[in-house]
Each structure stands twice: as structure tokens, then as C-alpha cells.
Amino acid sequence: MHDYDLLVVGSANADLVTAVERRPGAGETVLGSDLAVHPGGKGANQAVAAGRLGARTALLARVGDDAYGRLLLDSGRAAGVDTVGVLVGGAPTGVALITVDPSGDNSIVVAPGANSRLTPADVRAAASLFEAARVVSVQLEIPLDTVAEVVRVLPAGTRLVLNPSPPAPLPGEVLAACDPLVVNEHEARVILRGAGADVPDTPEDWARRLLALGPRSVVVTLGGEGALVAGPEGMARVPSVKVDAVDTTGAGDAFTAALAWRLGAGEDLESAARYAAKVGALAVTRAGAQVSYPTGAEVAALGDAASSGTASSSGAASSSGAASHGETR
Ligand code: RIB
């Protein structure tokens with residue numbers, strides 16, 4: 001019996017967000033809207049997304065002993081996330097500087113702060129959280145050594161979901177533990193090149209090459225084209241859910257969290273990805289990351305609206321749409 005459906009190991013950031021007419025190029029200054037401060041970070045986002053859906057969720061992360069750290073702890077607790085594993089101190093809370101344009105696309109720069117102080121020793125000290133979790137989900141806004149330690153302490157039979165964002169070449173032991181590896185196009189290219197593999201033309205071929213690197217399964221998110229799932233049962237395309245995109249920030253995190261939770265509940269990869277696509281789609285319809293995440297009831301209502309033909313048909317955004325170029329997780 002597991003106490004947690006999902007343990008997320010990852011980052012927690014304060015997102016400092018401004019809306020701009022156009023994201024600036026090199027050497028350019030543009031004026032944006034008044035600043036909004038939201039709880040974010042790929043790890044904390046996943047934990048909050050899962051908590052809001054109803055998953056029993058714990059977060060292993062590190063924040064600073066400061067106002068942003070308290071914002072993140074409050075947001076996690078409000079979503080029902082067990083924050084016993086959130087370590088406090090060592091550096092200021094991580095900060096993400098985010099611009100969002102009128103299409104809902106964003107650009108993000110992260111100052112890692114306390115995230116970079118989440119160490120392999122912190123992972124070893126949290127053994128009881130790992131023992132209690134059905135699925136563990138991790139991303140790459142924490143040190144790669146820490147991610148590798150997660151793989152080493154993973155109890156037998158516990159499933160690992162990895163979204164390598166921001167992308168970096170991955171050691172073989174990490175790739176081999178993924179079930180699934182969740183990537184967008186940009187992340188797929190970086191992982192393949194990092195492993196010395198060619199980058200072929202089609203998503204199906206990316207998935208085949210990625211599987212050959214060791215993951216037990218792979219999910220490739222394809223923007224408005226939906227997602228591709230690939231594993232021992234074969235490959236399948238999952239369509240996107242059309243909605244009006246307001247802000248894509250954190251939609252990929254919501255997608256991955258929902259996917260991880262549904263896999264832990266026993267769903268197959270395709271069914272879990274279909275559910276996750278709805279979660280990610282709803283997340284782009286509201287501003288911010290954690291503050292945009294739907295409840296389980298809202299996801300169920302989207303399913304009803306879609307089947308009765310009342311879902312919005314413009315915008316063509318989806319969870320995977322949010323992640324199609326790597327900068328909009
Ligand atoms: O994936 C979206 C997240 O990326 C933001 O919340 C920001 O904190 C960065 O980590």
C-alpha cells in the first residue's frame with residue numbers, strides 16, 4: 001500500500017511574469033504589463049497539478065527561507081500536496097523571469113537559487129518518501145547528480161517519469177529508468193544528439209531512436225498535433241484538445257503530472273496521455289502556471305463539453321501545444 005500516488009522531485013520557483021506585445025530580441029528593450037508574481041517551477045508545478053486533480057502527492061524540493069519560499073509552500077499545501085519533503089534554506093528561492101506574448105507563448109529564464117542546492121544527500125535522506133510513492137516524477141531544473149541519485153534510490157517496482165526540461169544529455173542509467181521519458185521536439189533533439197544519435201525526420205522515428213537509448217516508454221508532445229506515445233505495446237497518436245490559449249506557462253508540467261498520476265493508477269500510456277492532454281489544454285486557458293491548473297471536476301466537464309460539441313474550437317492550443325518548442329513548459 002502506497003501513501004502517495006506521486007512523489008515529485010524537482011524545482012520550485014517564484015514566477016515573475018509580464019505580458020508583452022512581442023518578446024524582445026537580442027539588444028532590445030520592450031515595455032510589458034505590471035508584474036505578476038505566481039508560484040511556479042517545474043517540480044512544484046507538477047506537484048500542484050497532481051494535487052488539484054486529486055492525486056495523493058508529495059514534493060521533494062528546496063526553497064529559500066524567504067517570502068517566495070513561503071508562497072510556494074502555501075500554494076502546494078492549498079492544492080493538498082504534502083510538503084514535508086520541501087527543504088528550506090541554503091540559498092534564496094529560485095526565480096523565473098517570464099514574458100508572455102498575445103498568443104500565449106512565453107520565454108523563460110530561471111535563476112536556480114535553492115534548486116541548485118537540492119543534493120544527492122537530500123535525496124538519500126528522503127528514503128521514506130520514495131518507499132511510500134507509487135510513481136516518482138523528476139525534471140532537470142535541479143542538478144543532474146541529484147536526478148541520477150533519484151534513479152539509484154528508486155525502490156523496485158516504483159515507476160519513474162522524467163521530463164528532461166530544460167534539456168541536457170542524459171546518462172545511460174537515467175535513460176534506462178524512464179517509463180516514460182516525456183519530451184517535446186526540442187528536448188528529443190537534444191537528448192538524441194547528446195547520445196550521439198542522428199535526429200530523423202518524423203516523431204515516430206524520434207521515438208524509435210529514443211527507445212533504443214534505453215527508456216521503457218516514450219511520450220513525444222507535438223504542440224497542436226497532440227502527442228505520440230511509444231512503448232512495448234507499440235505506438236499511438238493522441239490528438240490535442242482545442243482551446244483558446246491565454247498563457248502556455250506550465251501546461252507541459254500539468255500534462256506530465258496528470259500522465260504520471262494516471263499511469264500509477266493503472267491506465268495504459270495512451271489512455272493516460274488522453275487524460276493528460278485535457279489537463280494541459282485547460283491549463284493554457286488561464287494565466288500563470290500553478291494558478292491555472294484544473295481540478296478533476298473541471299477535466300471531467302471538458303470531456304463532457306467536447307463530446308457535446310461545446311468546447312472552444314479556436315486557439316488550437318493543447319498541453320503539448322504548450323510545450324512544442326521547449327520554452328513553454
Ligand atoms: O514549466 C514552467 C515553469 O518553468 C515555470 O513555472 C518556471 O518557474 C520555469 O521553471
Side-chain angles (χ1 to χ4, degrees), residues 8-19 23 35-52 59 61-64 68-69 71-76 79 81 86 91-101 104-116 118 137-143 146-147 161-168 182-184 186-187 221 223 245-260 276 279-284 286-293 317-329:
V8 182
V9 184
S11 59
N13 297 326
D15 288 354
L16 309 190
V17 186
T18 184
R23 288 176 286 151
L35 191 71
V37 181
H38 295 301
K42 297 181 196 306
N45 289 352
Q46 284 197 18
V48 166
R52 283 182 64 77
L59 174 64
R62 185 176 284 277
V63 297
Y68 289 158
L71 171 78
L72 285 151
L73 284 164
D74 287 348
S75 179
V81 174
V86 179
T93 299
V95 170
L97 308 173
I98 302 178
T99 53
V100 181
D101 71 20
D105 277 338
N106 62 30
S107 296
I108 303 178
V109 176
V110 174
N115 298 307
S116 65
L118 188 71
S137 183
V138 64
Q139 326 74 42
L140 297 187
E141 283 186 338
I142 56 174
T146 304
V147 173
V161 175
L162 170 64
N163 169 225
S165 180
V182 183
V183 290
N184 61 25
H186 174 61
E187 291 152 5
T221 58
V246 171
D247 181 356
T248 59
T249 307
D253 305 328
F255 175 93
T256 303
L259 180 85
V279 174
L282 284 170
V284 309
R286 295 187 278 245
Q290 294 175 25
V291 290
S292 74
Y293 292 161
S318 73
S319 57
S320 42
S324 60
H325 302 296
E327 78 275 27
T328 53
R329 279 285 178 196

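Counting starts at 1 for both ligands and their atoms, in listed order.
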Should you measure from each heavy atom of [X], which atoms of ligand 1 turn up under 4.0 Å away?
{"X": "Asp253", "value": "1 (O), 2 (C), 3 (C)"}
{"X": "Asn45", "value": "2 (C), 3 (C), 5 (C), 6 (O)"}
{"X": "Gly40", "value": "6 (O), 8 (O)"}
{"X": "Asp15", "value": "5 (C), 6 (O), 7 (C), 8 (O)"}
{"X": "Ala96", "value": "7 (C), 8 (O)"}

> Gly250: heavy atom below 4.0 Å from ligand 1, yes or no?
Replying inline: yes

>> Below 4.0 Å from ligand 1: does a non-hydrogen atom of Gly252 turn up there or not?
In response: no

>> I'd like the name of whichever of Gln139, His38, Glu141 reaches closest to atom 9 (C) of ligand 1 through any heavy atom.
In response: Glu141

> Knowing that exactly one of Leu73, Val8, Val9 qualifies, which makes a side chain to side chain contact (heavy atoms under 4.5 Å, CB included) with Leu59?
Replying inline: Val8

> Do you know which of Leu35, Asp15, Leu16 makes side chain to side chain contact (heavy atoms under 4.5 Å, CB included) with Leu97?
Replying inline: Leu16

>> Please tell me whether Asn45 and Gln290 have a donor and an acceptor in their side chains that are separated by less than 3.5 angstrom.
In response: yes

> Taking distance alone, with no angle check, do Gly41 and ligand 1 share an N/O pair under 3.5 Å?
Replying inline: yes

> Are the side chains of Leu140 and Leu162 in touch, meaning some heavy atoms are under 4.5 Å apart?
Replying inline: yes

>> When you compare the side chain of Val100 with that of Thr249, does any pair of heavy atoms fall below 4.5 Å?
In response: yes

> With Arg62, which residues qualify under salt bridge (Lys or Arg N to Asp or Glu O under 4.0 Å), at least two apart?
Replying inline: Asp122

>> Can you list everything that forms a side chain to side chain donor-acceptor pair (under 3.5 Å) with Thr146? Sequence neighbours excluded, please.
In response: none

